[in-house]
Amino acid sequence: MRVFYFIYMFLPNEKQGGIKMLDRKFIRDNIDKVEKALKNRQMESPLDKFEELEEQRRDLLYENEKLRHKRNVNSDKIGQLKREGKDASHIIEEMQEVSNKIKKYDEQLNKIEEGLDDILLRIPNIPHESVPIGADEEDNREIKKWGQPREFDFDYKTHWEIGEDLDILDFEKGSKVTGARFTFMKNAGARLERSLINFFLDVHTKEHNYSEVFPPFIANADSMTGTGQLPKFENDMFKLEDLPYYLIPTAEVPVTNMYREEILNKKDLPIYHTAYSACFRAEAGAHGRDTRGIIRQHQFNKVEMVKFVEPENSYKELEIITKDAEEVLQKLELPYRVVTLCTGDLTFSSAKTYDLEVWMPAYDTYREISSCSNFEDFQARRAGIRYRPEPEASTEYIHTLNGSGVAIGRTVAAILENYQNEDGTVTVPEALRPYMGIEVIR
RNA sequence: GGAAGGAUGGGUGAGUCUGGCUGAAACCGCUCGACUCGAAAUCGAGUAGGCAGUUUUGUCUCGGGGGUUCGAAUCCCUCUCCUUCCGCCA
């Protein structure tokens with residue numbers, strides 16, 4: 001109950017026109033399409049309620065506008081009479097009643113609008129037609145494999161065993177200082193983490209043309225709503241007490257919201273940003289999963305890529321951003337595969353997502369290390385990010401994309417496991433040696 | 001934390017004291033046209049958005065929310081953000 005109230009209080013300001021979420025008109029005109037999308041995502045449909053409210057809204061609006069028109073006309077008349085020094089009291093009296101009626105209609109309309117927004121903000125993006133239909137991750141489609149998982153001729157260890165044996169990961173200290181799912185990295189481990197951050201940022205800025213930003217790690221409720229974390233996923237985030245501020249779950253949030261409520265210049269597009277940030281996730285509902293190691297932490301580091309592009313280019317850009325992410329894994333010579341997420345596994349805001357999964361020997365499988373998504377205009381709508389396609393044309397929503405480039409902690413885990421040696425040491429991947437200054441962690 | 005000032009269209013910025021004829025001057029930018037071999041300069045025209053209906057229309061929006069009033073960019077309350085000064089701090 002209280003949570004609900006809280007979310008409600010910090011929903012985005014109802015700006016002029018309410019440029020938020022999926023478009024009402026679009027939903028109205030494409031009820032079937034939206035309905036189908038919800039079904040493919042394994043979600044219940046709130047559209048009956050939506051249609052009912054929408055109908056009520058339009059009826060009330062019509063009545064209300066008629067009254068407002070009357071008021072405007074008569075107000076002009078009153079002004080005119082007063083200027084001429086004539087008496088207007090009989091009209092004023094009549095208008096008092098009209099104004100009261102308008103006030104009542106306004107109240108009803110506001111209530112309906114709130115109900116509509118609450119529904120709309122919880123409707124996810126519509127999957128792109130190329131997205132495979134499926135229930136869960138089992139139905140994701142593998143589209144590419146790179147590298148050969150290494151064959152070990154000795155008893156290989158998990159990354160947490162390696163980390164503790166080399167004294168570069170300290171789980172006990174993490175849980176003492178903070179709690180479960182927090183870890184200290186020490187010595188070469190700390191350095192490895194830092195090296196990866198620098199390495200990834202260097203690759204993306206120098207080779208892939210991203211401009212680097214260093215964002216705030218705390219964002220407000222409007223921003224969280226803009227990228228789609230709120231209102232549905234409040235429980236997945238850490239919230240500051242008594243403030244409408246949240247620890248960011250990814251740099252996507254602050255970087256995408258940099259341009260919230262802005263009209264971008266066509267000549268500045270596309271905009272590419274890359275950003276390092278710490279990421280904070282409550283991992284609600286993940287009890288018991290990946291409890292060992294650093295695969296699933298409440299705090300982890302990530303280098304993120306974010307793009308703002310013209311709509312017609314966004315699917316081309318999705319391929320590019322995915323390649324940009326792949327490239328850092330290739331440079332590190334870590335075997336990985338690329339999968340297209342199916343409708344049931346797709347995240348709330350995304351129209352299409354490629355996951356990069358790195359080979360993890362100890363798990364004997366591929367694990368997600370990057371997620372590259374095209375949100376089309378979903379986030380742009382919520383966040384009000386537009387541009388003018390032609391000088392005379394009216395504004396249009398841009399398309400946003402992002403991709404992990406890539407998650408640092410999981411890369412550390414992958415390096416420790418894939419590059420481990422029989423004597424317990426870990427070879428440093430060649431690309432990282434300039435950053436690490438050593439060839440072997442021992 | 002204390003004090004003062006401010007938030008207006010793509011940008012700069014008038015209007016706020018003295019409420020109505022201001023959805024908003026002027027300038028810049030941008031678009032089209034004229035001039036030109038072409039460009040610059042100059043001149044002319046155009047140039048916010050949401051919602052509802054869509055043939056002419058109506059309505060709402062001057063940071064957000066609320067109030068006063070027949071009527072608010074304009075008066076009052078409140079919140080947010082920005083600027084300047086003081087204090088504090090890495």
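Numbers restart at 1 for each chain; the letters A, B, ... are given by sequence-line order, proteins then strands. Values below: every heavy atom of this structure, side chains too, minus hydrogens, waters and symmetry copies.
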> Applying a 3.5 Å limit to both distances, which nucleotide forms a Watson-Crick or G-U wobble pair with B:rA48?
Replying inline: B:rU61
> Below 6.0 angstrom between ring centroids: does that apply to A:Phe182 and A:His298?
Replying inline: yes
> For A:Leu61 and B:rA52, what is the distance between atoms CG and P respectively, to the nearest whole Å?
Replying inline: 7 Å
> Can the ring centres of A:Tyr387 and A:Phe308 be said to be less than 6.0 Å apart?
Replying inline: no
>> For the residue pair A:His208 / A:Glu327, report whether a side-chain donor-acceptor contact shorter than 3.5 Å exists.
In response: yes
> Looking at B:rG66, B:rA52, B:rC60, which one has an atom nearest to any side-chain atom of A:Arg71?
Replying inline: B:rC60
> Which residue lies toward the 5' end of RNA chain B, A:Lys82 or A:Arg57, if each is placed at its nearest nucleotide?
Replying inline: A:Lys82
> Nearest-Å distance, CG (A:Asp117) to P (B:rG65)?
Replying inline: 13 Å
> NA contact type, A:Asn72, heavy-atom cut-off 4.0 Å: base, sugar-phosphate, or nothing?
Replying inline: sugar-phosphate
>> By nearest atom, which of the nucleotides B:rA52, B:rU59, B:rC70 is closest to the A:Arg58 side chain?
In response: B:rA52
>> Any strand counts, and the cut-off is 3.5 Å on both contacts for Watson-Crick or G-U wobble. Which nucleotide pairs with B:rU83?
In response: B:rA4
>> Working note: A:Ile102 + A:Arg71, criterion side chain to side chain contact (heavy atoms under 4.5 Å, CB included); need CA distance, chi angles, decisive distance, verdict.
In response: CA-CA 9 Å; A:Ile102 290 173; A:Arg71 183 176 73 180; 3.9 Å; yes
>> Let's test this: given Watson-Crick or G-U wobble pairing with both distances under 3.5 Å, identify the partner of B:rU68.
In response: none
> If we call it a pair only when both distances are under 3.5 Å in a Watson-Crick or G-U wobble match, what pairs with B:rU42?
Replying inline: B:rA34
> Is the centre of the A:Tyr315 ring less than 6.0 Å from the centre of the A:His399 ring?
Replying inline: no
>> Nearest to the A:Lys103 side chain among B:rC60, B:rG58, B:rU68, which nucleotide is it?
In response: B:rU68
> Roughly, in whole Å, what's the span from CG in A:Asp59 to C1' in B:rC51?
Replying inline: 15 Å
>> Give me the distance, rounded to whole Å, that separates B:rC81 from B:rU8 when you measure between the C1' atoms they each carry.
In response: 16 Å
> What's the CD1-P distance between A:Ile385 and B:rG10, to the nearest Å?
Replying inline: 16 Å
> With both distances kept under 3.5 Å, what pairs with B:rG53, Watson-Crick or G-U wobble?
Replying inline: none
> What is the distance, rounded to the nearest whole Å, between atom CG of A:Asp87 and atom P of B:rC70?
Replying inline: 14 Å
>> Base, sugar-phosphate or nothing for A:Tyr105? Non-hydrogen atoms, less than 4.0 Å.
In response: nothing
> Do A:Phe238 and A:Phe280 have their ring centres less than 6.0 Å from each other?
Replying inline: no
> Of the nucleotides B:rG66, B:rC70, B:rU59, which has the atom closest to the A:His69 side chain?
Replying inline: B:rU59
> Is the shortest side-chain N/O distance from A:Ser89 to OP1 or OP2 of B:rC70 below 4.0 Å?
Replying inline: no
> What does A:Lys25 touch in the nucleic acid at a heavy-atom separation under 4.0 angstrom: a base, only the sugar-phosphate, or nothing?
Replying inline: sugar-phosphate
>> Whole angstroms only, please: what is the CD-C1' distance between A:Glu262 and B:rG63?
In response: 14 Å
>> Return whichever of A:Tyr245 or A:Glu65 has its heavy-atom-nearest nucleotide of RNA chain B closer to the 5' end.
In response: A:Glu65
>> Rounded to whole Å, how long is the line connecting atom CD of A:Glu261 with atom P of B:rG11?
In response: 13 Å
> Base, sugar-phosphate alone, or nothing: which one does A:Ile263 contact when heavy atoms must sit under 4.0 Å apart?
Replying inline: sugar-phosphate
> Using purine N1 to pyrimidine N3 plus N6-O4 or O6-N4 for Watson-Crick, or N1-O2 and O6-N3 for G-U wobble, each under 3.5 Å, what pairs with B:rC89?
Replying inline: none
> Which part of the nucleic acid does A:Glu54 contact within heavy-atom distance under 4.0 Å: base, sugar-phosphate only, or nothing?
Replying inline: sugar-phosphate
> According to the Watson-Crick and G-U wobble definitions, with both distances under 3.5 Å, which nucleotide is paired to B:rG19?
Replying inline: none
